[in-house]
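Shown next, in structure tokens, is the structure this report addresses.
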Amino acid sequence: MEEKISRSILNGYFRKLTDCLSVDVAIVGAGPSGLIAAQKLAIGGKKVAIFERKLAPGGGVWGGGMLFNELVVQENVLPILEEFGICYESAGDEFYTADSVETASSLIYHALKAGAKLFNSITVEDILFKAGRVCGIVINWTPVHHMGLHVDPLVISADAVLDGTGHPSEVVALACRKAGIEINTPTGGVMGEKPMWMECGEISTVENTKRLYPGLYASGMAANNVSGGFRMGPIFGGMFLSGKKVADLIMEDLL
Ligand code: 48F
């Protein structure tokens with residue numbers, strides 16, 4: 001029995017990973033914008049794989065605001081909450097609250113149910129860059145990074161790479177640094193996030209969600225960091241809309 005259990009796990013995992021060695025869209029980071037993008041792209045028929053550094057996907061959703069596990073959204077994203085089966089309550093004015101644990105688990109559940117594949121405990125450490133295009137990612141086990149081991153990575157080919165890594169915009173930052181590319185921002189590089197200003201941050205998160213270079217996109221706080229948007233904290237409407245917007249852009253580009 002012991003051998004069968006171990007063999008089943010290995011066969012199941014390697015079937016999944018082998019099938020994802022080449023995908024339409026590789027999403028780096030399973031935060032809210034990446035998970036929503038994954039669900040929309042998978043529903044749209046794209047082959048999607050998400051690579052998440054941590055054991056638990058969900059990014060900054062779980063902790064709500066300062067570990068109070070509630071988050072706030074605006075009226076215009078209630079249809080997305082309803083689509084994902086997330087309960088909400090009116091908080092007065094134009095704001096609504098949702099349980100952050102329910103939100104995180106529902107985003108994960110629906111991305112996977114739509115057909116996206118998720119690989120956790122994997123860190124994206126580089127990009128694949130050929131003939132003037134970002135065409136994949138370079139992956140390694142997160143514990144390899146934590147332990148500082150000298151271990152060569154594996155590579156995933158992708159028609160589109162989405163940086164959903166949150167505040168540090170790790171993928172775009174390393175693409176600029178290592179490939180020396182000029183990206184679609186006013187300075188041609190990563191501009192850096194501005195401080196907290198909720199109204200502006202919510203708007204700029206969506207505005208800054210765009211194709212930055214052939215094959216390279218950013219969503220959520222990564223988009224804001226790249227294009228110099230404001231921070232917004234525990235209000236999540238902009239994140240949800242950013243995930244939806246980037247999925248639409250990628251769908252159009254990959255037609
Ligand atoms: O930061 P994060 O939640 O992404 P987001 O979609 O949402 C931001 C909000 O949660 C919050 C906010 C809301 O108003 O400001 O911060 O922009 O999740 C990013 C995920 O990417 C993973 C990281 O562990 C997290 O789960 N990640 C970061 N770098 C890498 C990575 C990497 N190099 N490889 C793999 N995963």
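Counting starts at 1 for both ligands and their atoms, in listed order.
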To the nearest 0.1 Å, how far is atom 35 (C) of ligand 1 from its closest protein heavy atom, and which atom is that? R53 N, 3.3 Å
For atom 23 (C) of ligand 1, what's the nearest protein heavy atom and its distance? E52 OE2, 3.5 Å
Quick one: which ligand 1 atoms are inside 4.0 Å of a heavy atom on G59? 3 (O), 18 (O), 25 (C), 26 (O)
Salt bridge flag under 4.0 Å for residues R53 and E170: yes
Can a donor-acceptor pair be found between the side chains of S169 and N225 at a distance below 3.5 Å? yes
Between G60 and ligand 1, does any nitrogen or oxygen pair lie at a separation below 3.5 Å? yes
Please list, in number order, the atoms of ligand 1 under 4.0 Å from a heavy atom of K54. 24 (O)
Per-atom contacts, ligand 1 versus M221 - under 4.0 Å to a heavy atom: 8 (C), 15 (O), 17 (O)
Considering residues, nucleotides and ligands other than K46, do more than 12 of their heavy atoms fall under 6.0 Å from its NZ? yes
Path from V73 to I235 over hydrophobic side-chain contacts below 4.5 Å: yes
For ligand 1, which atoms, with element, lie under 4.0 Å from some heavy atom of G220? 17 (O)
Quick check on side-chain contact (heavy atoms from CB on, under 4.5 Å): which of V48, I156, D159 does V23 satisfy it with? I156
Could you say whether the N/O atoms of V124 and ligand 1 ever approach to under 3.5 Å? yes
Measuring from I137:CD1 to E125:CD, what's the distance to the nearest 0.5 Å? 10.5 Å
From atom 6 (O) of ligand 1, work out which of G201, S219, S33, G166 has a heavy atom at the shortest distance. S33
Give the numbers and elements of all ligand 1 atoms closer than 4.0 Å to a heavy atom of I235. 14 (O)
re atom 21 (O) of ligand 1, the protein heavy-atom contact at minimum distance is G29 CA, 3.1 Å
Pull out every atom of ligand 1 sitting under 4.0 Å from any heavy atom of F51, numbered as shown with elements. 35 (C), 36 (N)
Mode of M239 contact toward ligand 1 - side chain, backbone, both, neither (heavy atoms, under 4.0 Å): side chain
Lys/Arg N to Asp/Glu carboxylate O, K178 vs D126, below 4.0 Å: yes
Per-residue contact class, E170 against ligand 1 - non-hydrogen pairs under 4.0 Å: side chain
Is E207 salt-bridged to K245, cutoff N-O under 4.0 Å? no
For atom 12 (C) of ligand 1, what's the nearest protein heavy atom and its distance? G233 O, 3.9 Å
Closest non-hydrogen atom pair, L41 against A247: CD2-O, 3.6 Å
Just which atoms of ligand 1 are under 4.0 Å from any heavy atom in F236? 9 (C), 10 (O), 13 (C)
For the pair D19 and K117, find out whether any cationic side-chain nitrogen is under 4.0 Å from an anionic carboxylate oxygen. no
What atoms of ligand 1 come closer than 4.0 angstrom to any heavy atom of G164? 4 (O), 19 (C), 20 (C), 21 (O)
The closest protein heavy-atom partner of atom 16 (O) of ligand 1 is H167 NE2, 3.4 Å
Go through F68 and E70 one step at a time and tell me if the side chain to side chain contact (heavy atoms under 4.5 Å, CB included) criterion holds. CA-CA 6 Å; F68 299 108; E70 289 282 314; 5.7 Å; no
So which bit of I122 gets within less than 4.0 Å of ligand 1, heavy atoms only: side chain, backbone, both or neither? backbone
Heavy-atom contact under 4.0 Å between R231 and ligand 1? no
Give the ring-plane orientation class for F119 versus F51, where under 30° counts as parallel, over 60° as perpendicular and anything between as tilted. parallel
Return the residue, atom name and 0.1 Å-rounded distance of the protein heavy atom closest to atom 28 (C) of ligand 1. T165 CB, 3.5 Å
Tell me which one of M232, H167, R231 satisfies side-chain contact (heavy atoms from CB on, under 4.5 Å) with N224. M232
